[in-house]
Amino acid sequence: YHKTNKFTKGFQVIVDAYGMADYREVNPAPWAIITFPFLFAVMFGDIGHGLIMFLFALWMVINERRFAAQRGGSEIWTTIFAGRYIILLMGFFSCYTGFLYNDIFSKSVNIFGSSWTLRDTWPNITDNTIRTTATLQLDPNTAFIAGSPYPLGIDPIWNVAKNKITLMNSYKMKLSVILGVTQMMFGVFISLFNHLYFKNPLNIIAEFIPQVIFLSAIMGYLVFMIFFKWIAFHASRSSEAPSLLITLIDMFLLKKHVFDLYAGQEIIERVLLVLAVICIPWMLLMKPLILRSRHRRHQVLMVAADDPETGEDDCDTAKVIDHDELQTEAELDKPESSVIEEEEEFEFSEAFIHQTIHTIEYCLGCISHTASYLRLWALSLAHSELSEVLWNMAFRIGLASSSYVGTAICFLIFAAWAFGTIAILLVMEGLSAFLHTLRLHWVEFQSKFYSGNGIPFQPFSFATIIDNRDE
């Protein structure tokens, strides 16, 4: 049972739909309040679309008492109204990521002034030359004002660049990997709190520590290379910048790189690869072997305790050792026969198979789950491209005309553009981004620490008992 209010209830419902938390297990809902709308916004980043969603949710929040008092209504409206605070945050974060992408209805706004200039490349260029020239190529070594990048988000000049999609693909793909690895690592560290609370040091040593090392040695190293490449390689060295994907593949194949990112890269990668390989048998074998050793030791101690030839002192000593090393105080209050019967249920083969499945799932999941976060890039790209296509289809003819006819055309087709924006980009794309965000939280994030095998709390009530009996 988790106490919620009207703001947090929607996020708790999302978590509970995956599975109820076990007793005293860490609840993912408080973190989902921030991570859920933010990951949605990464795929839905647009100032205009986010503002419409935010204002719609704000309207529901302001009038929530009137809507909550109404009875009936469609199931769709009831569901949307119940998630009004989720929609409110999704719209707010979409405006924020829209500023980072510098995207408002597929267009950019030049708030701070572009950091690119034509004067150094073409000192005598005129406005007429710019209007009549189809394509102008800017050399970043001369056209970019060094030391003064655009303060917030993407420079607006990229909105009119022919290679815009190349830049945004690279930027959003790397951003997706960084966010994915960060959230997965955060989920692994949350599992530490479960192990500490339930006083299970074996899980910390045999699972948590190798999981952190394995994820850091592979995907954490990839994140490091992304940041290092951004910092170390400027325009004059762009031809030397290696492909990070090829670098990671060569790391596993033990091949020599054509270009090194930094000095000593090969040695560091070998060390990281050895650490990752060591973590696999560490996760696979340590826990089952320690459990089997404990079980055998317990059997020896119980036999010694039941041996009539041993004295009272030996028997008491055996029980004290057994209490300190194996059992809790509650287990000692049980009859000895029931304790022995429970211990006999331990099967090394079952423990080994369970740990094998867990190890394979985690090791493969580090790769597949990181790749799964690339949906942030794919959905964001699809959203921006659909928005641009819809704008061009609707307004290209009207805006291209220099007469009053173009104004009339724009006025008439605005309704079609508005309908397409709401129906396709807000409703359909918004629902798609919502479902993908749900998947990332349920599978990629919560699987690192959340079992979700609990039972919902039902308070004692005579009315409930009577109703169930009548049924």
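Hydrogens, waters and symmetry mates play no part in the numbers below; they use all other heavy atoms, side chains included.
Using modelled atom types, no side-chain atom of Y101 and backbone atom of S108 make a donor-acceptor pair closer than 3.5 Å. Judged purely by atom type and a 3.5 angstrom limit, D46 uses its side chain to pair as donor or acceptor with the backbone of F105. Put simply, the side chain of Y450 gets close to the backbone of A21: a donor and an acceptor are under 3.5 Å apart. Counting only distance, with no hydrogens or angles, the side chain of Q355 and the backbone of L285 share no donor-acceptor pair below 3.5 Å.
Geometrically, K9 does not engage Y85 in a cation-pi contact, judged by NZ or CZ lying under 6.0 Å from the ring centre and within 45° of the ring axis.
A 4.5 Å side-chain heavy-atom check between F189 and F208 finds at least one atom pair inside the cut-off. L438 is listed as a side-chain neighbour of F36, based on a closest heavy-atom distance under 4.5 Å. Looking at V181 and L222, their side chains never come closer than 4.5 Å, going by heavy atoms from C-beta outward. In this structure, the side chains of D103 and S384 come closer than 4.5 Å at one or more pairs of heavy atoms. Side-chain atoms of I14 and I86, non-hydrogen and from C-beta on, do get closer than 4.5 Å to each other.
Taking OG of S74 as the start and CZ of F81 as the end, the distance is 12.5 Å to the nearest 0.5 Å. The NZ atom of K107 lies 5.5 Å from the CG atom of N159; values are rounded to the nearest 0.5 Å. Going from atom CZ of F67 over to atom CZ of R84 covers 10.0 Å, rounded to the nearest 0.5 Å. Of the inter-residue distances, the one linking L175 atom CG with I226 atom CD1 reads 9.0 Å to the nearest 0.5 angstrom. In this structure, CD on E429 lies 9.0 Å from CD1 on I424, to the nearest 0.5 angstrom. For the atom pair CD1 (I157) and CG (N102), the distance works out to 12.0 Å, reported to the nearest 0.5 Å.
Remark: R237 CZ is packed, more than 12 non-hydrogen atoms of other residues, nucleotides or ligands lying under 6.0 Å away. The environment of I76 atom CD1 is sparse: at most 12 non-hydrogen atoms of other residues, nucleotides or ligands sit within 6.0 angstrom. No more than 12 heavy atoms of other residues, nucleotides or ligands shown are found within 6.0 angstrom of CD1 on I455. With a 6.0 Å radius and a threshold of 12 heavy atoms from other residues, nucleotides or ligands, Y23 has its OH atom at or below the threshold.
Residues N5 and T8 bring a donor and an acceptor atom of their side chains to less than 3.5 Å of each other. In this structure, a donor-acceptor pair under 3.5 Å is present between the side chains of K174 and S170. A donor-acceptor pair shorter than 3.5 Å can be found between the side chains of Q211 and H358. No side-chain donor from either of T4 and Q12 sits under 3.5 Å from a side-chain acceptor of the other. Under the 3.5 Å distance criterion, with hydrogens and angles disregarded, no donor-acceptor pair is assigned to the side chains of E207 and Y362.
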Pairs under 3.5 angstrom only: tabulate donor-acceptor contacts from the side chains of residues 265-280 to other protein residues two or more places apart or in another chain.
residue: Q265; atom: OE1; partner: L261; partner atom: N; Å: 2.6
residue: Q265; atom: NE2; partner: E269; partner atom: OE2; Å: 2.7
residue: E266; atom: OE2; partner: R270; partner atom: NH2; Å: 3.2
residue: E269; atom: OE1; partner: H257; partner atom: NE2; Å: 2.7
residue: E269; atom: OE2; partner: Y221; partner atom: OH; Å: 2.8
residue: E269; atom: OE2; partner: H257; partner atom: NE2; Å: 3.3

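Ring planes of F445 and F449: perpendicular class, angle over 60° (limits at 30 and 60°). Between W417 and F414, the ring-plane angle classifies as tilted under the 30° and 60° cut-offs. Using a 30° and 60° split on the angle between ring planes, Y18 and W442 fall in the tilted class, from 30° to 60°.
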